[in-house]
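Just so it is clear: chains get the letters A, B, ... in the order the sequence lines come, proteins before strands, and each one is counted from 1.
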Amino acid sequence: MRVAVFSDGFEERLDGFATQLIIGISILQKAFDKGFVPLILKINIMADESSKAYHPGEVENKWYSRWVEADCFRGDETGKGDAYSIVIPPPNVTGILHLGHVLNNTIQDILARRARMQGKDVLWLPGTDHAGIATQSKVEQKLRKEENKTRHDLGREAFLAKVWEWKEEHGGIIIEQLKRLGCSCDWSRERFTMDPEYSRWISKVFVDLYKEGLIYRGKRMVNWCPKSLTALSDEEVIMKPQKKSKLYFVRYRVAGEADRWIEIATTRPETLMGDTAVAVNPKDKRYADLIGKKVIRPFPEAEIPVIGDDSIDPEFGTGALKVTPAHDKTDFEIGLRHKLPFVDVFNPDGTLNELAGPEFVGMDRFKARDVAAEKLEAMGQLVRVEDYQNSVGYSERADVPIEPRISMQWFLKYPCTREAADAVANGDIVFRPEHHKKTFAKWMEGIQDWCISRQLWWGHQIPVWYRKDKAEELQNLENLSADFSGKDIYVGIDPPEDEANWVRDADVLDTWFSSWLWPFATMRTSEEESSTTLAKFYPTDDLVTGPDIIFFWVARMIMAGFRWQGGVPFKNVYFNGIIRDKQGRKMSKQLGNSPDPLDLIEKYGADALRFALLKSAPGGADLKYDEKQIEEGRNFATKIWNAARYREMQGNAPGNPGKPSIYAIDIVTKLEKLQEELEKSYTDYKFNEVAQMLHEFWWNNYCDWYLESAKGDFAPDGDAGARAATLATMDTVLERFLMLLHPYMPHITEELWDRFGFNRKHDSAFLMNTAIPQKALLEGLSQKQKETASEQVAAIYEAVGRARNLKASYGLGASKEVTFIIDPESGKFTENEVFAKLTGAREIKVEPGYEAKKGVPVAICAIGKVYLPLEGLIDVDVERERLSKELKRAVEELGKVTTKLGNEAFTSKAPQEVIQEMEERKAHWTARSDELSQMIDNLG
RNA sequence: GCGCGAUUAACUCAGUGGUAGAGUAUCACCUUGACAUGGUGGGAGUCACUGGUUCAAAUCCAGUAUCGCGCACCA
């Protein structure tokens, strides 16, 4: 006795397995009963039916590893096809996948997979970013917690070793998560911004720009983060409106005059100790005579001048400004103009120093604010305090108010700004949604020099060396008078030959200073080596990213592309929206409103998550997340699975296929049309439209209509030719549909592709690299034939809808067996079987010229009249009421259309088709209301 | 203050001048041999408001309101 063996997927098909097993056991039992001893060589249960529910977990893992094993994601730089490339926006190396990543990377995966299925050589280049501040502070936090040490306790080298350790340990997480999502990145080319080759690029770029004079060192007012103890770029500062600010009105005594005071308004009394002047507008009559005189700074007591400066707004506050050149950007500029002394009363960490006076030393800046105010009050110099609303800049990473601070930093004057601005303005780079163009243009117009040095250790150390004896002096951030004339400085990619005599600049570069080279530095491993990858895949085709990093990253990449590769780094930029929670808040760790995508994948499947997110992600607009959407994705996967399973259950056809039915022609025509329309939506990057159309086709057109209409063909006593034709149609539809759906739901489509053996029909081993044919699915038919079939089918489906409606409105359930009588418009109607199947009727009688008895409900359709004899089961009063309602509505509609038509006829400018359509509608409603009146009469 | 975007069913959102749509939710009926993660049918909208253009406006224009975002200012 021998039974065949089933292959993989055992667990998924437990249902089928169980039934088969029971049968198997009962056969064995019979054999034993009859006294035979069966020789069992191998038990093999043909589980040829899939289970009812689709279980994505194993299927997804299985296919992902098969793709990887077969090297399907590799970007072939020697391939003959057209190139298509994307570089991933590198996530933070220690980051964790969130829904924003899912949306962003799914879009890229869709683009990449679609390009592969167009026969292109595709490179989707992945990698991670070292994320200077974020990573360093994570490790510092850990250090403090576990060992109660700061990075300075360890020293630079040991600390960096710790960060690398951390990176090795946690760095792979997000990459693994992207794999679970199904991302088809070329992992063999994974890059990290601190790879040696990549780092070499950073140095080269720095040296280039230094030599060009675009990178310079200088003392400037910078955004200082007192928590991270580093300078930040303007982009890393977020302005936040303050609710509880106060405006302090303080009076300063005029020196040398008995009882004359000048009143100033300030929000920051704690900087008073750094005041080196009081400024007024020279045109302000109240104070004009004070210019040139001195006032007394209350503490530490000193005489400071009153100066006139046009930038003072006489309307604001009292019209007099205390000038603290070391602690405010505007004051800094006033200080420069009037050559005022710069008195910095703060330490780097935001506490006050000895210049603030002994009682303030070591005090936190916010505490000092209160203390200074109290002290002024005690001195009788605090006039009043008002509640006030203003905005304060916060450090993006550390979320503390930044401190404007003068310090010595490296700055970059951007290269190729004109080229970058033009490229976007003239469409060499296309932004989607387009309105981001304007934001970009505005930023480019007002572009400011970029502070690129950071007082961190984790990152690319600045490739600058100072002669040893001068190093301390030159390195001191506070040493504002340092000379950078050159002979004591060495700038180069490699260290100076006599390195022992030099000391390297301690600072590292802003992380974005490495990211802006990403599109090309990832493709070329060193600056000399010519790269076939670069030649084939650069510039890239699409960049998919969030609009929040348009300045941080996108703009800078464009400039870098022009500067080092002589052109645009990408042709299209698609800005995906931001995912928000139900209340419309941004997803954030603090709020805890960000679901873990891995949990969702576990629960619903990666395909479901991908599809659902894309289906409800409007082009570039923000998206409100609701888990219900993911359920919808899961349901869709189940629906596909079950409709495919239904086909599977029918087995193979013994005979030759007969001619395709009109329903078959119709569904295949719709599928061809779908393919065309998807093309259009893809061209416009309307990913939600694509998803909606795929969903609509499968669920509505294929499952609800075609599949239902075709069920009759599988009747046991049915026609073999029809059966074979229907099976063939289903295979055709399934095959092409899986191809179209694959970019969105790669795993389930690959699974079904395999189960149905479609890969045998194509050259490639996997659906994922099978090219989608452009040719029509129905070749032997003319356009006219297709149209005719579709029209017929549409008319039948319309009649079915009305017939169902008729049933339902008499309280007859969908499966209630009734008899419909059809009086066909054309005199004949042959689709009885399908009509009966779709309407759940027992019988369809075709009776040309049928004269209905009084009160028989009827639906007027394009195919003719459809009667539903009720055989006296219906309550007459209820029926009368229902009909009266209908009549009322019909009369209303008739009124509407008549009025409209009257207007049209009067003005007569509407196109002919519109008028005609209206006339048809008028005729319809006229007939309908006549009929309804008649029926009401009939009821008596 | 300047710029951008949004405002359509209870919710989330499609809808580029020609009869207001989808999914979810809801109501009624239905466990029928693909699928209850399902089927059939229904109810539900002054398309934010006010004007204008047009034969025709959710759609184009102008203005108003509310919300959101960005930039600038903030003594």
Check every atom of [options] against the side chain of [X] and return the nucleotide holding the closest atom.
X	options	value
A/Lys615	B/G5, B/C69, B/G23	B/G23
A/Gln692	B/A14, B/A36, B/G3	B/A14
A/Gln629	B/C35, B/U12, B/C74	B/U12
A/Phe551	B/C74, B/U37, B/C71	B/C71
A/Met239	B/G41, B/C2, B/C73	B/C73
A/Asn805	B/C71, B/C69, B/G42	B/G42
A/Lys442	B/A14, B/A34, B/C2	B/C2
A/His695	B/G23, B/A34, B/C4	B/G23
A/Thr330	B/G15, B/C74, B/U37	B/C74

Quiz item: Do A/Phe575 and A/His436 have ring centroids that are under 6.0 Å from one another?
Solution: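 Under 6.0 Å, so yes.
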Practice problem: State the NZ-CG distance between A/Lys283 and A/Asp310, to the nearest 0.5 angstrom. | Solution: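 Rounded to the nearest 0.5 Å, the NZ-CG separation comes to 5.0 Å.
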Exercise. Identify which one of A/Glu632, A/Gln692, A/Gln629 satisfies the side-chain hydrogen bond (donor to acceptor under 3.5 Å, both in side chains) criterion when paired with A/Lys615.
Key: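 Testing A/Lys615 for a side-chain hydrogen bond (donor to acceptor under 3.5 Å, both in side chains) against A/Glu632, A/Gln692, A/Gln629 leaves exactly one candidate, A/Glu632.
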Report which part of the nucleic acid [X] touches: base, sugar-phosphate, or nothing (heavy-atom distance under 4.0 Å, all strands).
X	answer
A/Tyr388	sugar-phosphate
A/Asp704	sugar-phosphate
A/Leu247	sugar-phosphate
A/Lys711	base
A/Leu321	base
A/Gln389	nothing
A/Arg634	base
A/Thr318	nothing
A/Thr266	sugar-phosphate

Self-check item: Runs of at least three Watson-Crick or G-U pairs with RNA chain B, cut-off 3.5 Å
Solution: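 Looking at RNA chain B, the stems formed by three or more consecutive pairs are B:1-7 with B:65-71, B:10-13 with B:21-24, B:26-30 with B:38-42, B:48-52 with B:60-64.
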[N] versus [M] - spacing of their [atom1] atoms, nearest Å:
N	M	atom1	result
B/G39	B/U31	C1'	10 Å
B/C13	B/A20	C1'	15 Å
B/U64	B/G23	C1'	33 Å
B/A65	B/A72	C1'	25 Å
B/U46	B/A9	C1'	13 Å
B/U26	B/U32	P	23 Å
B/C30	B/G15	P	39 Å
B/C27	B/C35	P	25 Å

Give a yes or no on whether a salt bridge exists between [X] and [Y], defined as a side-chain N under 4.0 angstrom from a carboxylate O.
X	Y	result
A/Glu386	A/Lys246	no
A/Arg802	A/Glu798	yes
A/Asp626	A/Lys628	no

Quiz item: Can you name the nearest heavy-atom pair linking A/Phe249 to A/Thr318, along with the distance?
Solution: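 Minimum heavy-atom contact is CD2-CG2, 3.6 Å.
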Exercise. Can you see which heavy atom on A/Ala373 is nearest to which on A/Leu382, and at what distance?
Key: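 What the structure gives for the nearest pair is O-CD2, 3.7 Å.
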Answer yes or no: does a side-chain N or O of [X] lie under 4.0 Å from OP1 or OP2 of [N]?
X	N	result
A/Asn635	B/G38	yes
A/Lys639	B/C35	no
A/Lys624	B/U12	yes
A/Trp699	B/G39	yes

Quiz prompt | Residue whose nearest RNA chain B nucleotide is more 5′ - A/Ser391 or A/Glu235 | solution =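 Its nearest nucleotide lies further toward 5', so the answer is A/Glu235.
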Quiz item: Relative to A/Tyr394, does A/Lys240 satisfy both conditions: NZ or CZ under 6.0 angstrom from the six-membered ring centre, and within 45 degrees of the ring's axis?
Solution: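 Verdict for A/Tyr394: a cation-pi partner in A/Lys240.
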Quiz item: Is A/Glu632 side chain donor-acceptor paired with the B/A22 base, going by distance under 3.5 Å alone?
Solution: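 Flag unset: no donor-acceptor pair detected.
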